[in-house]
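If you read the sequence from its start, that first residue is 1, and numbering goes on from there.
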Amino acid sequence: MESELFDKDHELFRDSVRGFVDKCVVPNLEKWDADRLIDRETWLAAGRLGLLGLTVPEEFGGPGETDYRYRVVIQEEIARVGASALQSGFSTNDDIVLNYLLRHADHEQKRRWLPGFVTGQTIGAIAMSEPAAGSDLRAITTTAVLDGDEWIINGAKTFITSGILADLVIVFAKTDPEAGSKGFSLFVVEDGTEGFTRGRKLDKVGLHAQDTAELFFDNVRIPRENLLGERGAGFAYLMQSLPLERLGIGIAAQVSAEAVFGWTMDYVRERTAFGKRIGDFQGMGFDLAKLRTAIEVSRAYIDRCVREYNQGTLTAVDASKAKLWATELQGQVVDAGVQYHGGYGYMMEYPVAKAYLDHRIQRIYGGTNEIMKEIIHRDLMKA
């Protein structure tokens, strides 16, 4: 069974995305990995083709497209060529940073910041995790103190996607230590602000082309109007945005699994051993049959979640299920893909080897899968 998520307009859009991927992405994959960075020209090229900032309203230079299926098309086409690092960067911009700005920025802030997300001139990051605080965000130590008409931010963040290139960073900081979950706020820190520095480009297991960095805030002074939304509402804002973030990770896992399975089938249909195609051996064939079934069943749930998101009814619990299930399945498919490619599956010239490195973070970021299980478990125990 094939997905029935898309209509003709989405397929026309796919033609533009595929052209961008074939022209601007495929020729640069090796260079990006070597540079540990995706060049800005790629972002600008995507902006010129209308592939970025789809949800930005027309008054701020965007198309105002709220149908998330167009973002799914982009993720599918990027997964087709194994460009997971680019997918991560685009998703951080459009599904996370832009989502916060659209939800919580005032009109003047939107006027200042949204147009660049459409053109590709603005690359965003969100700074939540800290060296001693990952999934437990209540444990962060970064602070923001109001001093007249300015906020003073002090602290350090780590594992920040797009941290090197970011022109704009949304910072999660503690504003009232005695207020519990209402003691956190969101702030926008722009590139070039005094006291804001970037640490080393982190050397990761995979996603080598995705610039991930440490960020430091040493008495960083920002205007009072760079508070995003209401003071003390930061934690609540995070909870509101998690469904889309986790859905995005689930979709990335799903489309990656589909791509890797396709590469694997191409290989086992061509490779021979003992006088026949290796895919004709029953042991491998049964495993592939199970994986294909799981992929199709998983896709049905992912498609349902996309529709629910479009309707505004996707819950945090259901998004957690999507993230948990699809990323676990992705791991199974990628591992099988490497195994069935044999020695070639361990060679970086084969995309399945790169997928093996890139996929592992999926079960960690956006909330570890252990956290996803806890969220689902708590919902089950509600009486």
Side-chain angles (χ1 to χ4, degrees), residues 1-3 14 17-34 72-88 204-210 249-303 325-363:
M1 295 182 182
E2 299 297 329
S3 172
R14 187 186 301 278
V17 181
R18 182 163 293 188
F20 163 76
V21 168
D22 290 343
K23 180 180 178 181
C24 300
V25 177
V26 173
N28 290 306
L29 288 174
E30 291 184 11
K31 181 179 185 300
W32 292 343
D33 279 348
V72 180
V73 169
I74 293 172
Q75 289 181 303
E76 283 188 342
E77 289 303 309
I78 291 176
R80 177 177 59 86
V81 300
S84 298
L86 181 66
Q87 182 276 325
S88 177
K204 307 186 298 297
V205 170
L207 295 181
H208 292 151
Q210 173 52 253
I249 295 171
I251 291 169
Q254 177 69 34
V255 297
S256 172
E258 291 173 3
V260 171
F261 188 84
W263 304 335
T264 302
M265 289 306 304
D266 289 343
Y267 186 83
V268 302
R269 288 179 181 128
E270 295 177 1
R271 182 73 171 179
T272 60
F274 306 104
K276 63 179 180 179
R277 300 181 304 176
I278 62 173
D280 289 328
F281 287 95
Q282 189 178 77
M284 183 184 297
F286 280 10
D287 284 346
L288 292 170
K290 288 172 61 178
L291 288 175
R292 179 60 188 177
T293 302
I295 287 170
E296 291 188 13
V297 172
S298 178
R299 183 62 191 243
Y301 185 78
I302 291 290
D303 287 357
W325 178 265
T327 57
E328 295 287 345
L329 175 61
Q330 180 187 18
Q332 296 169 29
V333 174
V334 171
D335 190 66
V338 171
Q339 188 71 20
Y340 295 152
H341 276 75
Y344 291 108
Y346 209 62
M347 299 296 109
M348 290 306 296
E349 63 192 88
Y350 279 75
V352 71
K354 189 170 183 295
Y356 186 77
L357 295 178
D358 289 345
H359 89 281
R360 188 57 185 85
I361 189 60
Q362 292 276 90
R363 285 176 271 168

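One distance of note links CD of E270 with CZ of R277; it measures 10.0 Å at 0.5 Å rounding. Within the model, atoms CD of Q362 and CG of L329 stand 12.0 Å from one another, a figure rounded to the nearest 0.5 Å. Expressed to the nearest 0.5 Å, how far CG of D266 lies from CZ of F261 amounts to 10.5 Å. Here CD of E30 is found 14.0 Å from NE2 of H208. Values are rounded to the nearest 0.5 Å. Here CG of D280 is found 10.5 Å from OG1 of T272. Values are rounded to the nearest 0.5 Å. We find the CD-CG distance between Q210 and D33 to be 11.5 Å, quoted to the nearest 0.5 Å.
The side chain to side chain donor-acceptor pair (under 3.5 Å) search around S88 returns none, not counting sequence neighbours. When the side chain to side chain contact (heavy atoms under 4.5 Å, CB included) test is applied to I361, the partners found at least two apart in sequence or on another chain are L207, I364, Y365. Residues that satisfy the side chain to side chain donor-acceptor pair (under 3.5 Å) test with E328, not counting sequence neighbours, are N369. In this structure, the side chain to side chain contact (heavy atoms under 4.5 Å, CB included) partners of A353, at least two apart in sequence or on a different chain, are M348. Remark: K23 engages no residue in a salt bridge (charged side-chain N to carboxylate O under 4.0 Å, His left out) (not counting sequence neighbours). Listed by chain and residue number, E76, E258, D303 satisfy the salt bridge (charged side-chain N to carboxylate O under 4.0 Å, His left out) test with R299 (two or more places apart in sequence, or in another chain). Looking at residues two or more places apart in sequence or on another chain, you find a side chain to side chain contact (heavy atoms under 4.5 Å, CB included) between A259 and W263. Residues meeting the side chain to side chain contact (heavy atoms under 4.5 Å, CB included) test with V26, sequence neighbours left out: V21, D22, V81. When the ring pair (Phe, Tyr, Trp, His ring centres under 6.0 Å) test is applied to Y267, the partners found at least two apart in sequence or on another chain are H341. In terms of the ring pair (Phe, Tyr, Trp, His ring centres under 6.0 Å) criterion, residue partners of Y344 (sequence neighbours excluded) are, by chain and number, Y350. Qualifying salt bridge (charged side-chain N to carboxylate O under 4.0 Å, His left out) partners for D335, counting only residues two or more places apart in sequence or in other chains: none.
Of the residues listed (I78, L29, I74, N28), the one engaging L86 in a side-chain contact (heavy atoms from CB on, under 4.5 Å) is I78, and it is the only one.
Looking at every heavy atom in both residues, V260 comes nearest to A355 through CG2-CB, 3.8 Å. Looking at every heavy atom in both residues, A83 comes nearest to V25 through CB-CG1, 3.7 Å. Of all heavy-atom pairs between G337 and T264, the closest is CA-OG1, 3.3 Å. The nearest pair of heavy atoms linking A273 to I278 is CB-CG2, 3.7 Å. When all heavy atoms of K354 and G82 are compared, the pair lying nearest together is NZ-O, 3.3 Å. Taking all atoms of both residues into account, the shortest heavy-atom contact from W32 to A209 is CB-CB, 3.5 Å.
No side-chain heavy atom of Q75 sits less than 4.5 Å from a side-chain heavy atom of Q254.
By the 6.0 Å contact criterion, CD on E349 is enclosed, its count of non-hydrogen atoms from other residues, nucleotides or ligands being greater than 12.
Among residue pairs with one or both ends in residues 281-296, those qualifying as side-chain hydrogen bond (donor to acceptor under 3.5 Å, both in side chains) are D287-Y340, R292-E296; sequence neighbours excluded.
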